[in-house]
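Below is one structure; the comments refer to it alone.
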Amino acid sequence: MSHTLHPLRRQRLQRSELAVPASNPTMIDKAATGPADYIFLDLEDAVAPPEKEQARKNAIQALNDIDWAAAGKTVSVRINGLDTHYMYRDVVDVMEQAGDRVHTLLVPKVGVTGDLYMVEAMVNQIEMAKGYQTRVGLEALIETALGMANVEAIAQFGGRLEALHFGVADYAASLRARTTNIGGLNPHYPGDQWHSAISRMVVACRAYGLRAIDGPFGDFSDPEGYKEGARRAAALGCDGKWAIHPSQVTLANEVFSPPDTEVTRARRIIDELRKAESEGRGAASLDGKMIDAASERMARNVIVLADAIAAR
């Protein structure tokens, strides 16, 4: 193990992340009582330009009126991009009027570390001016060729950054990639065309202590397609996946929750290794398979997640 280690910056349960247009207060109210671990109130792509200002007001009201913590939710706001004139007012109004109620800001289309620096500087100043005792985190959407080209540098940014998300739709557009469904597979590609990008983002996240979240699957009438995408993301190391429709939330929770048999085996691995340690052995066997220190690290990942789910 290298002497240089970057532990996880912030542990949050994020199996399912429901995208909710802040232009629709009814949908916000329903999301607060639903099964999603994470909610993001969207001020960006899901909101038409004429509705931007009202959506911002709706988000602020929802942050202040709903007890998200009591509902067992982490609540985020996706601000507009830095290339728009909406972004600065999103940050100022949300932070000044509800900065002690929102948990994270999701920054779209992050291409360089300077994008995060700008948002962080604004958040720092507003928190100091308002005297908030809470600390709002930042999350970055990697959804452009520029963002993926700089993903390792972005992951190293530090500060308030907690997680990276893979935004497959804008990423496909940025690459001019042919796709038939947001997050789906192109039948003319022999495999998973998103594998390389997601894997690269996950490696950057794990190297520098961030959570890794897979983005949307557009066809909410195809639950099996959604689950296949979620399973691929989970296999690559993602912590969770977006849901663009409430019906996808339970699917994400299912895929990203370790089954009871896996949790039981993880606890047995710890027990067997402790027994082996007491006997002066560094490795042991369980059900006919060798287990060692690496097995323990994998097992502890499962146990931490299971305990977080139980606590929720």
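Residue numbers start at 1 and run along the sequence shown. Everything numeric here is computed off the predicted structure, so don't read it as measured data.
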Quick check: closest heavy atoms across Glu143 and Lys109, and the distance to 0.1 Å? OE2-N, 2.8 Å
Kindly give the heavy-atom pair with the smallest separation between Ala233 and Asp214, and that separation in Å. CB-OD2, 3.5 Å
Within 45 degrees of the axis of the six-membered ring of Tyr226 and under 6.0 Å from its centre: does Lys241 put its NZ or CZ there? yes
Is Asp287 salt-bridged to Arg265, cutoff N-O under 4.0 Å? yes
Can Trp242 and Phe217 be said to form a ring-ring contact (aromatic ring centres under 6.0 Å, His included), step by step? CA-CA 8 Å; Trp242 286 19; Phe217 183 83; over 10 Å; no
Looking at Arg160 and Val136, would you say the former's side chain and the latter's main chain have a donor-acceptor pair under 3.5 Å? yes
Nearest heavy-atom neighbours spanning Glu96 and Lys130: O-CE, 3.3 Å
Can you list the other members of the hydrophobic cluster that holds Ile309, where links are side-chain heavy atoms under 4.5 angstrom apart? Leu13, Leu305
When you measure from the side chain of Asp42 to the backbone of Ala46, do you find a donor-acceptor pair of N or O atoms at a distance under 3.5 Å? yes
Applying salt bridge (charged side-chain N to carboxylate O under 4.0 Å, His left out), run through Glu53 and Arg56 and close with a yes or a no. CA-CA 5 Å; Glu53 291 188 14; Arg56 188 187 300 132; 5.4 Å; no
Arg200 side chain to Met148 main-chain N or O, any donor-acceptor pair under 3.5 Å? yes
Out of curiosity, Tyr171 OH to Leu141 CG, how far, rounded to the nearest 0.5 Å? 13.5 Å
May I ask you to decide if Ile244's main-chain N or O and Gln248's side chain share a donor-acceptor pair within less than 3.5 Å? yes
Regarding Arg9 and Glu162, does a basic nitrogen lie under 4.0 Å from an acidic carboxylate oxygen? no
With Asp239 as partner, the option from Arg10, Arg206, Arg12, Arg15 fulfilling salt bridge (Lys or Arg N to Asp or Glu O under 4.0 Å) is Arg206
For His245 and Phe220, take the angle between the two ring planes, folded into 0 to 90°, and tell me which bin it lands in: parallel under 30, tilted 30 to 60, perpendicular over 60. parallel
Less than 3.5 Å apart, any donor N or O on the side chain of Thr144 or Ser174 sitting next to an acceptor on the other? no
